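Structure record follows, encoded as structure tokens.
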Amino acid sequence: MRIDVLTLFPEMFASPLNFSIVKRAQQRGLVQIALSNIRDFAKSSYNKVDDSPYGGGAGMVLMCQPVFDCLESVQKQDSNSGRVILLTPQGRKFDQQLAKELSAEKRIILIAGHYEGFDERIRIGTGAEEVSIGDYVLSGGELPAMVIIDAIVRLLPDALGDEDSAANDSFSDGLLEYPQYTRPEEFKGLKVPDVLLSGNHKEIDKWRKQQALEKTEKQRPDLLDKHKKSEK
Ligand code: 6GU
């Protein structure tokens, strides 16, 4: 898989992409992540990439030309022009389902904006879909891009080691994950549930399923409604 990120701040990505599972996936050739600086494509004086909004109002708007030229240059680097995603708070909400969908793509291109937003013609003219990571406003699309990359890359075949698994993750079956314990059996008077020490895998599975249901009911009843519908 190839992931391109168009951003004004490529330096922000150095650390999150170079640790743990995402680092290992790149080293093993499961994913290639390419960062492009939108400012490199600025043509006007002072490398301007943003301007004040028509109609007035606060803040600055990302201009069409540098983004279009950057995208065109990046798309030309591969025969597959990729699924183009604009990161904005107005987009479709990112969730595990969309992470799965995107992890099956051969190429995705994430465009991270900054300032008050994108000139609307960037969305219209590129045909990009808009994606948001939740109902709150961030200063730019860089952190959302990193969140999306992390969620996608760990789903790529062989990205996780044998001991890790995406199958039991929260949300993978529409429920939150059951509680986990490791050594010691007792810590500050708090004991590991007996069933987990029993060696009875049928009972352990039953307990975990029950715990996942209870946890979801308590913390995220909205998920439980969806889960029940899908079970039916
Ligand atoms: Cl994708 N961008 C920005 N700026 N804020 C957000 C977001 C994206 N998703 C949630 N908040």
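Read the numbers this way: they start at 1 and go in the same order the structure lists the ligands and their atoms. All figures in this text were calculated on a predicted structure; none of them were measured in a lab.
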Sidechain N-carboxylate O distance under 4.0 Å for E203, K206 =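 Here E203 pairs with K206 in a salt bridge, since their nearest N and O are under 4.0 Å apart.
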Ion pair check, R154 and D169, cut-off under 4.0 Å =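 Yes, R154 and D169 are salt-bridged.
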With R123 via side-chain contact (heavy atoms from CB on, under 4.5 Å) - residues at least two apart |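 Partners of R123 under the side-chain contact (heavy atoms from CB on, under 4.5 Å) test: L86, E120, E130.
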Does any pair with a residue in residues 49-74 pass ring-ring contact (aromatic ring centres under 6.0 Å, His included), and if so which ones, sequence neighbours excluded?
->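 Checked against ring-ring contact (aromatic ring centres under 6.0 Å, His included) - neighbours excluded - no pair reaches residues 49-74.
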Short side-chain donor-acceptor distance under 3.5 Å, Q97 and E101 |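 There is no such pair (donor and acceptor under 3.5 Å, judged by atom type) between the side chains of E101 and Q97.
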Pairs under 3.5 Å, N/O atoms on ligand 1 and on the protein: can you put them in a table with the distances?
residue	atom	partner	partner atom	Å
ligand 1	4 (N)	L138	O	3.0
ligand 1	5 (N)	L138	N	3.1
ligand 1	9 (N)	S132	OG	3.3
ligand 1	9 (N)	I133	N	2.9
ligand 1	11 (N)	Y136	O	2.5

Donor-acceptor pairs under 3.5 angstrom involving side-chain atoms of residues 4-16: please list them, not counting sequence neighbours.
residue	atom	partner	partner atom	Å
D4	OD1	R2	NE	3.4
D4	OD1	R2	NH2	2.9
D4	OD2	R2	NE	2.9
D4	OD2	R107	NE	3.0
D4	OD2	R107	NH2	2.7
T7	OG1	F9	N	2.8
T7	OG1	E142	OE2	2.9

